[in-house]
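These figures come from a predicted structure and were not determined experimentally.
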Amino acid sequence: MTETTRAGFVALIGEPNAGKSTLLNQMVGAKVSIVTHKVQTTRARIRGIAMEGPAQIVFVDTPGLFRPRRRLDRAMVAAAWGGAADADIVVLLIEAHRGLTEGVKAILEALRERLPSHTRVALAINKIDRVKAEELLGLSKTMNEAYGFEKTFMISAEKGYGVQDLKEWLAAELPGGPWFYPEDQIADLPMRMIAAEVTREKLTLRLHEELPYQLTVETERWEDRDDGSARIDQIVYVARDGHTGIVLGNRGETIKAVGKAAREELTEFLGRPVHLFLTVKVRPNWLEESERYNEMGLDFRDGD
Ligand SMILES: Nc1nc2c(ncn2[C@@H]2O[C@H](COP(=O)(O)OP(=O)(O)OP(=O)(O)O)[C@@H](O)[C@H]2O)c(=O)[nH]1
Ligand SMILES: [Mg+2]
């Protein structure tokens with residue numbers, strides 16, 4: 001088997017909101033990484049596993065690359081570059097309608113500076129459903145003048161256009177060798193973390209402005225019950241007293257809606273009933289606590 005099989009790591013990098021997590025989910029065929037219309041949704045490196053013929057492609061979703069300010073930002077950006085450095089192939093995602101932005105320019109610069117020169121980098125121009133076909137050729141040309149990409153793909157991660165082409169190319173380019181995971185595994189992330197991410201996604205979708213960036217969710221207890229259901233207890237850590245009321249909402253309606261949406265998604269994901277209990281706790285300093293970073297799968301020291 002090892003003579004014909006191929007396997008490797010493909011890191012998805014790009015600006016926040018480029019569609020990296022959407023692409024990972026599309027490749028895997030299941031929602032492993034949370035997606036929102038807001039920037040900086042993904043906080044850590046998330047592995048999703050896809051099979052393509054004899055090849056096993058381990059996709060590494062990374063936090064968006066941007067100019068970091070806070071400790072959490074720095075740890076996220078460090079995690080993203082770490083994912084790129086460890087990968088066999090890096091795929092840079094850009095948004096078709098935004099083109100070669102200042103942020104993308106900074107990433108190209110950093111690709112040259114931070115990654116070994118033999119690193120293989122492909123370009124995926126995403127969200128092609130948002131632009132006219134004739135604009136794409138020009139953008140592809142501009143991008144390839146700015147950086148020596150090995151190959152360029154035009155895709156819509158959301159609609160699935162061009163995704164299979166990209167997948168087949170990656171599968172063919174990965175090194176020969178045994179698979180890293182069982183054939184039917186789709187993610188390499190503890191269930192308690194996936195469950196916390198699902199709740200964070202629902203909170204991010206319902207809360208405004210800075211609030212989603214100032215909270216974190218942890219699964220505190222997970223009990224598999226005899227009747228086949230799971231009882232999951234989670235804590236939502238907020239940074240300020242005033243945030244508790246906003247997260248709870250008028251008569252608790254926000255947290256109720258969040259809990260319901262998260263529970264439904266988890267029930268579907270796990271294929272069994274879920275009882276989800278959410279508690280909101282104020283923790284003014286959580287953004288400076290190493291334990292919170294460990295829970296998120298981030299390296300606290302990277303924030304120094
Ligand atoms: N129109 C369109 N929207 C897309 C496409 N791919 C992703 N999106 C949307 O873009 C937004 C961001 O998608 P994500 O997958 O969360 O982006 P990301 O790069 O993982 O973002 P961060 O985790 O914040 O770095 C979401 O609203 C997606 O639905 C696409 O092909 N077309
Ligand atoms: Mg993401």
Handout entry: Side-chain (T244) to main-chain (D241) donor-acceptor, under 3.5 angstrom
Key = yes
- prompt: Looking only at atom types and distance, does a side-chain atom of K20 sit under 3.5 Å from a main-chain N or O of L92, one as donor and one as acceptor?
  reply: no
Requested in this report: Could you tell me whether the side chain of Y213 reaches within less than 4.5 Å of the side chain of R70, counting heavy atoms only?
Outcome: yes
Q.
Donor-acceptor check, side chain of Y293 to backbone of E288, threshold 3.5 angstrom: yes or no?
A. no
Treating S21 as the side-chain partner and S33 as the backbone partner, does any N or O pair qualify as donor plus acceptor under 3.5 Å? no
Is the side chain of W81 donor-acceptor paired with the backbone N or O of M76 at a distance under 3.5 Å, no angle test? no
* **Aromatic Y237 / basic R292 pairing, under 6.0 angstrom, 45° off normal** => yes
Sorted by chain and number, sequence neighbours left out, salt bridge (Lys or Arg N to Asp or Glu O under 4.0 Å) with D299 holds for R301
Is the positively charged end of K151 above the ring of F149, judged by distance under 6.0 angstrom from the centroid and angle within 45° of the axis?
no
Less than 4.5 Å apart, side chain to side chain, heavy atoms only: is that true for L139 and I94?
yes
ask   = Does the distance from a Lys or Arg side-chain N to an Asp or Glu carboxylate O, for D304 and R74, drop under 4.0 Å?
value = no
| field | Side-chain donor or acceptor of N126 paired with backbone N/O of A18 under 3.5 Å | value | yes
Does E223 have more than 12 heavy atoms from other residues, nucleotides or ligands lying within 6.0 Å of its CD? yes
hydrophobic_cluster_shared for V274 and V236, side chain cutoff 4.5 Å | yes
Does R231 pair with D233 as a salt bridge, N-O distance under 4.0 Å? yes
Donor-acceptor contact below 3.5 Å, side chain T119 vs main chain L115
no
Exercise. Apply the test side-chain hydrogen bond (donor to acceptor under 3.5 Å, both in side chains) to residues T36 and T204: give CA-CA distance (whole Å), side-chain angles for both, the deciding distance (0.1 Å), then the verdict.
Key: CA-CA 7 Å; T36 78; T204 304; 5.8 Å; no
Side chains of V58 and V10, heavy atoms from C-beta outward: is any pair under 4.5 Å? no
Is R45 salt-bridged to D86, going by a charged N under 4.0 Å from an acidic O?
yes
Tell me whether R120 is salt-bridged to E173, with the criterion being a basic N under 4.0 Å from an acidic carboxylate O. yes
side-chain contact (heavy atoms from CB on, under 4.5 Å) with I34: of T41, T199, I194, L205, only one passes, and it is T41
- M51 and I57, any side-chain heavy atoms less than 4.5 Å apart: no
Does a side-chain N-to-carboxylate-O contact under 4.0 Å join E265 and R263? no
(Q) Any side-chain to backbone donor/acceptor pair from R71 onto F300? Under 3.5 Å, distance only. (A) yes
Hey, any chance I235 and L215 share a hydrophobic cluster, counting ILVMFWY side chains that come within less than 4.5 Å of each other, even indirectly? no
Could R192 and E197 be called an ion pair, given the rule that one side-chain N must be under 4.0 Å from one carboxylate O?
no
Is there a side-chain contact between K127 and S156 in this structure, where contact means two heavy atoms from C-beta onward sitting under 4.5 Å apart?
no
What verdict does the ring pair (Phe, Tyr, Trp, His ring centres under 6.0 Å) test give for F59 and F9, after you've listed the backbone C-alpha separation in whole Å, the side-chain angles of each residue and the deciding distance to 0.1 Å?
CA-CA 6 Å; F59 286 97; F9 290 83; over 10 Å; no
(request) Answer yes or no: is there a side-chain heavy-atom contact under 4.5 Å between I13 and L93? (result) no
- So, the side chain of E201 versus the backbone of V35: is there a donor-acceptor pair under 3.5 Å, distance only? yes
Could you pull out all donor-acceptor pairs under 3.5 Å where a side-chain atom in residues 182-191 meets a protein atom, sequence neighbours excluded?
from: Q185; atom 1: NE2; to: A187; atom 2: O; distance (Å): 2.8
from: D188; atom 1: OD2; to: R47; atom 2: NH1; distance (Å): 3.4
from: D188; atom 1: OD2; to: Y181; atom 2: OH; distance (Å): 2.7

- prompt: Got a donor-acceptor contact below 3.5 angstrom from the E158 side chain to the T22 backbone?
  reply: no
d(K38 NZ, N17 CG) to nearest 0.5 Å is 11.0 Å
Query raised in the report: Distance only, no hydrogens: is a donor on one side chain within 3.5 Å (strictly under) of an acceptor on the other, for T279 and Q234?
Result: no
Contacts satisfying side-chain hydrogen bond (donor to acceptor under 3.5 Å, both in side chains) that involve residues 162-172 (not counting sequence neighbours) are E52-Q164, Q164-E168
Between A79 and L298, the two heavy atoms sitting closest are CB-CD2, 3.7 Å
Notebook entry, point to check: Between E264 and K260, does at least one N-O distance fall below 4.0 Å, as a salt bridge requires?
Noted result: yes
Rounded to the nearest 0.5 angstrom, the CG-CD1 distance for L203 and I246 is 12.5 Å
(message) Is there a path of hydrophobic side-chain contacts, each under 4.5 Å between heavy atoms of I/L/V/M/F/W/Y residues, joining W286 to I255?
(response) no
